Amino acid sequence: MVKFLLTEEFMVDIPEIDRQHQLLVELINSVVEGHRSGLSHQKLSTLIDAMVNHAIFHFGFEERLQELADYPFLKAHQKSHVQFAKRISEFQTRFNDGEDIVKYIDGLLFEWLTDHFKHDDADYVAAVKDFLAKHPNFIAENMGNKKGILGRLFG
Ligand SMILES: [Fe+2]
């Protein structure tokens, strides 16, 4: 299993979005590593819940920004998010039903994510950057307090 790193080629150069992407990648990696190191089903389940919750929070955050920025392809982008949200919810359900599905996680999620970051997300950057330049306080006023989520889970 290959650990996915959010390297330069996947960054969108909007710090808050890159931070949220980084956290999503870290949560997925922590599920994979937790599985490998024999973490209990209960703890893995908690991590998977955190991964799903963060993904859904992040998608909503991105879509809100795109809407405010009048990004013309919001609908198509939302469809892509719905597809991913379905995939991870299904993953969560199958895990909770006792299926040994974590071993497939990198194939299931990272392929979609790399493609989404590089293409779909890259496409909205100009519009969102333009909006943020005109509304410099938006991030500070709307940022979810998601820092230190792993520390809160296992601290
Ligand atoms: Fe996105």
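For clarity, every value in this text was computed on a predicted model and none was experimentally measured. Whatever order the structure lists ligands and atoms in, that order sets their numbers, starting from 1. Just so you know, residue 1 is the first one in the sequence shown, and it goes up from there. Computation of the quantities below employed the complete heavy-atom set of this structure, encompassing side-chain atoms and omitting hydrogens, waters and symmetry-equivalent molecules.
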Note to self: Just checking F59 against F84, ring centres under 6.0 Å apart?
What the structure shows: yes
Notebook entry, point to check: With ring centroids as reference points, do F10 and H21 lie under 6.0 angstrom apart?
Noted result: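 Ring-ring flag for F10/H21: false, centres at least 6.0 Å apart.
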Margin query: Any donor-acceptor pair under 3.5 Å linking the side-chain atoms of H81 with those of E63?
Written below: yes
Margin query: If we only look closer than 2.8 Å, how many protein N, O or S atoms does the Fe ion (ligand 1) have near it?
Written below: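 Atoms of protein N, O or S type lying less than 2.8 Å from the Fe ion (ligand 1) total 5.
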Next item on the list: Would you check if F138 and L132 make a side-chain contact, meaning some heavy-atom pair closer than 4.5 Å?
Entry: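 Touching, per the 4.5 Å side-chain cut-off.
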Next item on the list: Could you label the plane-to-plane angle of the H116 and W112 rings as parallel, tilted or perpendicular, counting under 30° as parallel and over 60° as perpendicular?
Entry: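 Judged by the thresholds at 30° and 60°, the geometry between H116 and W112 is parallel.
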Notebook entry, point to check: With K118, which residues qualify under salt bridge (charged side-chain N to carboxylate O under 4.0 Å, His left out), at least two apart?
Noted result: E9
